[in-house]
Amino acid sequence: MPPTDSIAELKGAVEAAARALRDGEPTEPAPTLDRPPKPDLGDYSSNAAMLLAGPLGDNPRAVAERLRGELEGILGGEVGNLDRVEVAGPGFVNLYLSDAWYRRALAALVAAGDGLGPAPTDAPERILVEFVSANPTGPLHVGGGRGAAYGDAVVRLLAAVGHEVEREYYINDAGTQITKFAESISARMKGEPLPEDGYKGDYVVELGKEIAGEGIDPDDLAAVGDRGIALMIDQVRGTLERFGVVMDTWFSERSLVEKGDAEAALAKLDAGGHTYRHEGALWLRTTDFGDDKDRVLIRSDGEPTYLMPDIAYHWDKLDRGFGRLIDVLGADHHGYVARLRASIEALGADPDSFEALIMSLVHIVEDGQRAQMSKRSGDFVSLDDLIDDIGTDAARWFMLSRSHETTVDIDLALARKQASENPVYYVQYAHARIASILRKASAEGGGGDAEGRTVPLEDSEKALIKRLLEFPHEVREAAARRAPHRICAYSTAVAADFHAFYRDCQVVGADGDGVEASRLALCLVAKRTVAGALGLLGISAPERM
RNA sequence: GCGCCCGUAGCUCAGCCGGAUAGAGCGUCGGUCUACGAAACCGAAGGUCAUUGGUUCGAAUCCAAUCGGGCGCACCA
């Protein structure tokens, strides 16, 4: 028997009560089941009466009174889930649940195990999330790190709700910037001045030394470039692994070109009648699909623009059977989305299968000044530096705790100084604290039984149980909205509720019939939930700190 | 000029497919360790939710306009 979703049961009861007032007709939109703003307004509340007032031609409070009668019948009496129902404010129906309901809810959480409970998603998809995809011409900087943390967390969220998801990094290993990169390395190897707009960072010097040490001729630009890219990709891969991100696929742009996929995509666009020649260039009529101007595919000098292989690349993704393509892109690429989407539609694919998530900027602030982050100037904060400084857990937390579409400043001095009172440590501390309690309990032979308890629950126990019940919903919301920052907020709330519970309630050795056992069960679920939430963020949940 | 994003507490930000007295962290001020971890807890102060108008029983949330900030508008990637 699958574990019960206690909240879904309550929601079902409210809907049933609403239907009863309308001869079985469902309410549109569905009534809410929320946590009221204040504890004395009940455990849960619904706006059903306000929604029904119009259709029933009665005032909300009168409707609420009728709902109250229905709900008392459904949840009260022998069912025993209800202490009482009250009508408050403009017509809210407030539910006050019994201890028996809480005991059963806790037991259901224990039974749910490490999973998210029933029905994580209604429509599983095969999803490819492409993220980071930084040019392999330099180390990963913090902006790429934010994209990495975000893309990875989105993958974890989507996987958690039942989608089949893969991580992919698109390597721009063809084109003019690669030539410039090779020229820069070569110049360093020969001790000559950098070319115009060359790559200036010290890492280019290091690359030059390493490549020279391998006996590669500095004048063999193709060999220098290939080796340089290979070394950079190795470095980026290593940085990402330190950061907890492991790609399923590293997809080479060059391989695409060599396979002839670009020509194939072009042929398909031609056949569809979406291209035309103008002033010596080949254009794609993206304006037919919502773009604000047409785009060049092949320049008048015969070279393809970067859009050409990118179209082929996205076509390839679809061809591999992914029903949804998610691109995590930097803020400076948002102007690119419309043409890519249009291109996908021009290929005959459903443009809604393509989703671009635009990352806002991240600034590293030191001594009140923003560090510059231009790869070519060589003056930027690398992700490796940041990890060295504040660690993967803190770095990921800071990057994930805010919406991806808002700019974020990370003040290094502050992050260092506050290390001991950082929000991520706050949550991790809660986990370590629970672990400590459970260790002690197990040493003393205590176990967790959620239901065999006759002593009433404390308010802070109820608050924690309610919080833990929200986890599956929070995960679904965070996944649906591509919003891992919600999980940060939720983790903090769980930790806060746990600390309040800890303050009020002795666990090990608690007095009362079944009290210790039920509190141990609560600790067990709380620990699992914190670990699960942190896991979705790619942040460790330490047993000890 | 056009497009996208953002204006919420001193600071950094949640809340945004409408709900009750708008939240968190940090910072400030004041309390709490002879019970399982004080990296914690409790309390206080702190707000014209940029502005104006509209929709609604109800707007931080939806719509319009305005103001302010960021980013983008290549035959560069």
Side-chain angles (χ1 to χ4, degrees), chain A residues 29 32 34 36-38 41 45-47 50-51 53-54 59-60 88-92 94 135 137 172 174-178 180 197 253 278-283 292-293 295-307 309-310 330-338 356 358 360-361 365 398 401-411 414 417-430 432-441 443-444 446 480-481 483 485-486 488-490 492-493 495-496 498-500 502-510 516 519-520 523 544-545:
Chain A
T32 60
D34 291 318
K38 282 173 60 183
L41 291 170
S45 71
S46 179
N47 67 349
M50 274 96 87
L51 297 175
N59 76 69
F92 287 101
N94 294 339
N135 284 345
T137 52
N172 294 106
T176 55
Q177 85 283 3
I178 296 301
K180 190 72 72 182
D197 294 327
E253 174 185 354
H278 178 66
E279 294 181 352
L282 186 72
W283 295 69
D292 53 10
K293 60 202 290 191
R295 305 294 170 175
V296 171
L297 293 176
I298 310 285
R299 291 190 263 156
S300 50
D301 65 4
E303 287 296 309
T305 64
Y306 62 93
L307 181 60
D310 235 11
D332 54 342
H333 284 74
H334 79 242
Y336 182 58
V337 174
I358 306 300
S360 280
L361 304 179
V365 177
F398 276 116
S401 60
R402 278 143 196 146
S403 158
H404 66 95
E405 55 196 6
T406 193
T407 311
V408 56
D409 286 359
I410 300 179
D411 186 326
L414 199 66
K417 193 187 92 189
Q418 293 180 342
S420 65
E421 53 212 13
N422 204 301
V424 66
Y425 292 113
Y426 179 81
V427 176
Q428 289 179 319
Y429 177 73
R433 205 180 208 185
I434 301 169
S436 170
I437 293 169
L438 293 175
R439 276 194 301 272
K440 179 171 170 119
E444 298 184 3
R481 300 185 190 207
H485 73 273
R486 289 175 156 260
C488 289
Y490 176 73
T492 306
F498 177 79
H499 288 310
Y502 177 85
R503 177 195 68 229
D504 293 343
C505 301
Q506 177 73 16
V507 179
V508 178
E516 178 181 21
R519 286 178 180 167
L520 283 172
C523 285
R544 290 186 169 84
M545 292 172 72

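Throughout, a chain's letter reflects where its sequence line sits, starting with A, and its residues are numbered from 1. This structure is a prediction, so every number in the text was calculated from the model and none was measured.
For A:Ala432, the side-chain atoms get nearest to B:G37 when compared with the rest of B:G37, B:C71, B:C76. Distance from the side chain of A:Arg299 is smallest to B:A77 among B:C36, B:A77, B:A20. When each of B:G72, B:G19, B:C16 is scored by its nearest atom to the side-chain atoms of A:His334, the top-ranked nucleotide is B:G72. Listed candidates were B:G15, B:A20, B:A35. Nearest to the side chain of A:Gln506 is B:A35. Residue A:Pro36 has its side chain nearest to B:A20 when only B:A14, B:G37, B:A20 are considered.
Annotation: B:U51 and B:A45 have their P atoms spaced 24 Å apart (nearest Å). For the P atoms, the distance from B:C11 to B:G46 is 16 Å, rounded to whole Å. Atom name C1', nucleotides B:C33 and B:G37: the rounded distance is 11 Å, in whole Å. The separation of B:A50 from B:A9, taken at their P atoms, amounts to 8 Å, rounded to a whole angstrom. With both ends at atom P, the span from B:C63 to B:G19 equals 14 Å, rounded to whole Å. Here the separation of B:C49 from B:C6, taken at their C1' atoms, is 14 Å to the nearest Å. Spacing of P atoms, B:G15 relative to B:U55, comes out at 28 Å, to the nearest Å. If you take atom P in B:C16 and the same atom in B:U52, they sit 24 Å apart, rounded to whole Å.
Between A:Trp283 atom CH2 and B:C75 atom P there is a gap of 5 Å when expressed in whole angstrom units. Remark: C1' of B:G23 and CG of A:Asp34 are 15 Å apart, rounded to the nearest angstrom. One atom, CZ of A:Arg433, and another, C1' of B:G37, lie 6 Å apart when rounded to the nearest Å. Atom CG of A:Leu297 is separated from atom P of B:A77 by 12 Å (rounded to the nearest Å). To the nearest angstrom, C1' of B:G19 lies 12 Å from CG of A:Asn94. At whole-Å resolution of the value, NE2 in A:His485 and C1' in B:C13 are 9 Å apart.
Across all strands, A:Cys505 comes closer than 4.0 Å to base atoms (heavy-atom distances). Looking at heavy-atom distances under 4.0 Å, A:Tyr426 makes contact with sugar-phosphate atoms alone, never a base. Across all strands shown, A:Ser403 has heavy atoms under 4.0 Å from sugar-phosphate atoms exclusively, and none from any base. Note on A:His333: a base of the nucleic acid sits closer than 4.0 angstrom, heavy atoms only. Note on A:Arg481: a base of the nucleic acid sits closer than 4.0 angstrom, heavy atoms only. Within the nucleic acid shown, A:Arg544 comes within 4.0 Å of at least one base atom, counting heavy atoms only. Looking at heavy-atom distances under 4.0 Å, A:Glu279 makes contact with a base. Using a 4.0 Å heavy-atom distance criterion, A:Lys38 is classed as a base contact. Among the heavy atoms of the strands lying under 4.0 Å from A:Thr305 are primed sugar atoms or P, OP1, OP2 only; no base atom is included. Backbone-only engagement by A:Asp332 is indicated by non-hydrogen atom pairs under 4.0 Å involving sugar-phosphate atoms exclusively.
Shortest non-hydrogen contact noted between A:Ala495 and A:Val427 is CB-CA, 4.0 Å.
Residues A:Arg295 and A:Ala496 both approach RNA chain B. Their nearest nucleotides, taken by heavy-atom distance, put A:Ala496 toward the 5′ side.
Considering only side-chain N and O atoms, A:Tyr336 lies nowhere under 4.0 angstrom from the phosphate OP1 or OP2 of B:C4. For the OP1/OP2 pair of B:A74 and a distance below 4.0 Å, the side-chain nitrogens and oxygens of A:Lys293 include at least one atom meeting the criterion.
Secondary-structure stems of RNA chain B, taken as three or more successive Watson-Crick or G-U wobble pairs (i with j, i+1 with j-1) under a 3.5 Å distance threshold, comprise B:1-7 with B:67-73, B:10-13 with B:23-26, B:28-32 with B:40-44, B:50-54 with B:62-66.
The distance from atom CG of A:Asn135 to atom NZ of A:Lys180, rounded to the nearest 0.5 Å, is 14.0 Å.
Between A:His333 and A:Ile358 the shortest side-chain heavy-atom distance does not fall below 4.5 Å.
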**OP:** Please report the C-alpha distance between A:Tyr336 and A:Leu307 in whole Å, then the side-chain angles of each, then the deciding distance to 0.1 Å, and finally whether the side chain to side chain contact (heavy atoms under 4.5 Å, CB included) criterion is met.
**Re:** CA-CA 9 Å; A:Tyr336 182 58; A:Leu307 181 60; 3.8 Å; yes
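An anti base is found at B:C6: its glycosidic angle is more than 90° from 0.
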Original post:
For every nucleotide of nucleotides 5-10 of chain B, 5' to 3': is a protein heavy atom under 4.0 Å from its base (B), only from its sugar-phosphate (S), or from neither (-)?
Top reply: SS----
